[in-house]
Amino acid sequence: MNPLSFVRPNILSLEPYSTARDEFKGGDISVWLDANESPYPSGLNRYPDPHQKELKKAISTLKGIAADNIFIGGAGSDEAIDLTYRIFCRPGIDNAIAIAPSYGVYAVSAYINDVELRSVALNEDFSLPVEALLAAADENSRLMWICSPNNPTGNSFSRADILRLADSFNGMVVVDEAYIDFSAEPSLLADIATHHNLIVMQTFSKAWGMASLRMGMAFAVPEIAELYGRVKYPYNVNGPTQAGLLRRIAETDISPQVEEIRQQRDYLAKTLAALPKVRKVYPSDANFLLVKVDDADAMYSYLTEHGVIVRNRNKVTGCGNCLRFTVGTPEENARVVALLEKF
Ligand SMILES: *Cc1c(COP(=O)(O)O)cnc(C)c1O
């Protein structure tokens, strides 16, 4: 399967914008008069590296994948999601397929790009409806969004099921792994080498604790990763962000925090499940819990009145009377439990 066959023709023939420093091929330059920048140092007066070479090297080591497999979004993975539509879907013609319930940005971004999004409900137990997903496809289906672990249900899908989709779907399968650091399941990053129509997305917003920086990634075979580089805004990741993330990667081992969050998640799941007004806590492989209660709106209001905000998913199809609780610090989680014991 040649993934380039799914790309919009105008993107395939796109000449990327050539930045001031792209044409420069090394040498010992100490006077920079090529980009109409201010010569006066402000700490920010020079354009950043549009290709984020140093950062890609660091991410390559961190993730065990070559630098030319990596795209970095400076507006988080939300940027990668939007670019994916722009690279593969002809507006008003092509369509995409997504599971429901899942992350809301796939639908918003589809709408903005004038791409029809076909929603396929998860099975009752939130497992992947493989046959129904394949049945939803027609000759204009270009993308299939699989979020694993899935937001808001919290479960991971089986790697075998996702690879079966990649084998059978005549388009790109995008696996959104925003919560993979919390998961007991392996990432599908290594499967890109054998399944060329796979795109894997990850982010620094969750386990890495860098939501404010807005750094997301898409991983794909080099010829697809290169297309993201062509379509993105030339300087989509600003200088302080590149430097900040390099520092974070060099200085931080996130595993103790990830371990604590997983333990807290399991403690919270057990404790919430024992409360009288809780009907069900769904199994989670992420840093949040989907919880079915007697009256989600009432519990939500009660919590907000006591200074705690959770996500009310009551109106989401398949999530009636469900609240989504992000796992906080041990103190924050204890506070929520204490509040709910009195509810
Ligand atoms: C939080 C989240 C993201 C992260 O988005 P960023 O733009 O990188 O912050 C991506 N996908 C899902 C499913 C999420 O829940």
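Atom set for the values below is all heavy atoms of this structure, side chains included, hydrogens, waters and symmetry mates excluded. Counting starts at 1 for both ligands and their atoms, in listed order.
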- Does Ala211 have a non-hydrogen atom less than 4.0 Å from ligand 1?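 No, Ala211 has no heavy atom closer than 4.0 Å to ligand 1.
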
One residue to check: [X]. Relative to ligand 1, which of side chain, backbone, both or neither has a non-hydrogen atom less than 4.0 Å away?
X: Lys206; value: side chain
X: Tyr179; value: side chain
X: Arg214; value: side chain
X: Asp78; value: both
X: Ser205; value: side chain

- Query: Atoms of ligand 1 less than 4.0 Å from Gly76 heavy atoms?
  - Reply: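 Near Gly76, meaning under 4.0 Å from one of its heavy atoms, ligand 1 has 6 (P), 7 (O), 8 (O).
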
- Message: Quick check: closest heavy atoms across Phe126 and Phe157, and the distance to 0.1 Å?
- Response: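 The answer is O-CE2, 3.1 Å.
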
- State yes or no: do Leu128 and Val316 share one hydrophobic cluster built from I, L, V, M, F, W and Y residues joined by side-chain heavy-atom distances below 4.5 Å, directly or via other members?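 In one cluster with Leu128: Val316, no.
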
- Lys/Arg cation over aromatic Phe288: Arg324, 6.0 Å, 45° cone: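 Satisfied, under 6.0 Å and within 45°.
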
- Would you say the side chain of Thr241 lies within less than 4.5 Å of the side chain of Met215, judging by non-hydrogen atoms?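 Yes - at least one pair of side-chain heavy atoms lies under 4.5 Å apart.
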
- Task: Give the residue and atom name of whichever protein heavy atom lies nearest to atom 5 (O) of ligand 1, and the separation in Å to one decimal.
- Result: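 Nearest protein contact, heavy atoms only, for atom 5 (O) of ligand 1 is Ser77 OG, 3.3 Å.
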
